[in-house]
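Here's the structure, in structure tokens; my notes come after.
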Amino acid sequence: MLCTEIGLAEVSVGERPVDIRRLLLQRRRELLNEIQSRVRDVRDVGSNNHHHTAELHETVEAEPEDDLAFALIQMKAETLGRVNEAVRQFDEGAYGFCADCGDVIASSRLRALPFAVRCRDCEETRENEQRRDRVRAQRVPAGVGSRY
């Protein structure tokens, strides 16, 4: 999500905190509306397919468009969760502090990613660890290390 999507391009954490919270709440409402709209669309398409399928006595498997729609809904829901967490942290006075090291997250990072929970250094460390874990998991053949 770009900072301009929620209007945080010109706001820093220390400058106008009420505006940041208001913009986070606005983004939350937008995400909820988008999710609800997509869910309605999927239901409408699904009920139309079910109606036509019942008439044709055919079975319908998930269409690629359905998979994409569900993936988009899931991504929006994950973003919504992050925004909700940012609002909670804001209300508790913890917004803008790294969850790992406790340092202040740079305002430029928060403008770009308003629901960031880690400073750039800690996020890079976390991403590198995840990358190493994925590489290790790919190198270990299935069943190795398991007795059963």
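When a residue number appears, it is its place in the shown sequence, counting from 1.
Between Cys119 and Cys98, the shortest heavy-atom distance links the atoms N-SG, 3.4 Å. Shown here for Tyr95 and Phe90, the closest heavy-atom pair between the two residues is CB-CA, 3.4 Å.
Glu127 pairs by the salt bridge (charged side-chain N to carboxylate O under 4.0 Å, His left out) definition with nothing, not counting sequence neighbours. Under the rule for a side-chain contact (heavy atoms from CB on, under 4.5 Å), the partners of Ala69 that lie at least two apart in sequence or sit in another chain are Val42. The side-chain contact (heavy atoms from CB on, under 4.5 Å) search around Asp103 returns Cys101, not counting sequence neighbours. Remark: Arg136 pairs with Asp133 by the side-chain hydrogen bond (donor to acceptor under 3.5 Å, both in side chains) rule, at least two apart or across chains. In terms of the side-chain hydrogen bond (donor to acceptor under 3.5 Å, both in side chains) criterion, Glu129 has no residue partners (sequence neighbours excluded). Qualifying side-chain contact (heavy atoms from CB on, under 4.5 Å) partners for Leu25, counting only residues two or more places apart in sequence or in other chains: Arg21, Arg28, Arg29, Val87. Legend: residues meeting salt bridge (charged side-chain N to carboxylate O under 4.0 Å, His left out) with Arg126, ordered by chain and number and at least two apart, are Glu123. Listed by chain and number, the residues in a side-chain hydrogen bond (donor to acceptor under 3.5 Å, both in side chains) with Asp100 are Arg118 (sequence neighbours excluded). Listed by chain and residue number, nothing satisfies the side-chain hydrogen bond (donor to acceptor under 3.5 Å, both in side chains) test with Glu124 (two or more places apart in sequence, or in another chain).
With hydrophobic clusters built from ILVMFWY side chains whose heavy atoms lie under 4.5 angstrom apart, Leu31 shares a cluster with Phe115. Each of Phe70 and Met75 belongs to its own hydrophobic cluster when Ile, Leu, Val, Met, Phe, Trp and Tyr are linked at side-chain heavy-atom distances under 4.5 angstrom. Under the 4.5 Å side-chain heavy-atom criterion for ILVMFWY residues, no single connected hydrophobic cluster contains both Val117 and Leu110.
Considering CD of Glu78 and CD of Gln74, their distance stands at 4.5 Å, rounded to 0.5 Å. The OG1 atom of Thr125 sits 11.5 Å away from atom CD of Gln130, with the distance rounded to the nearest 0.5 Å. Ile73 CD1 to Leu80 CG: the interatomic distance, rounded to the nearest 0.5 Å, is 13.0 Å. The NZ atom of Lys76 sits 3.5 Å away from atom CD of Glu34, with the distance rounded to the nearest 0.5 Å. Summarising the geometry, atom CG belonging to Asn84 is positioned 12.0 Å from atom CZ belonging to Arg27; distances are rounded to the nearest 0.5 Å.
Applying the under-4.5 Å side-chain rule to Ile, Leu, Val, Met, Phe, Trp and Tyr, the cluster around Val104 extends to Phe97.
In this structure, the side chains of Leu24 and Pro114 come closer than 4.5 Å at one or more pairs of heavy atoms.
With salt bridges taken as basic N to acidic carboxylate O contacts below 4.0 Å, one links Arg88 and Glu92.
Using modelled atom types, no side-chain atom of Ser37 and backbone atom of Asn33 make a donor-acceptor pair closer than 3.5 Å.
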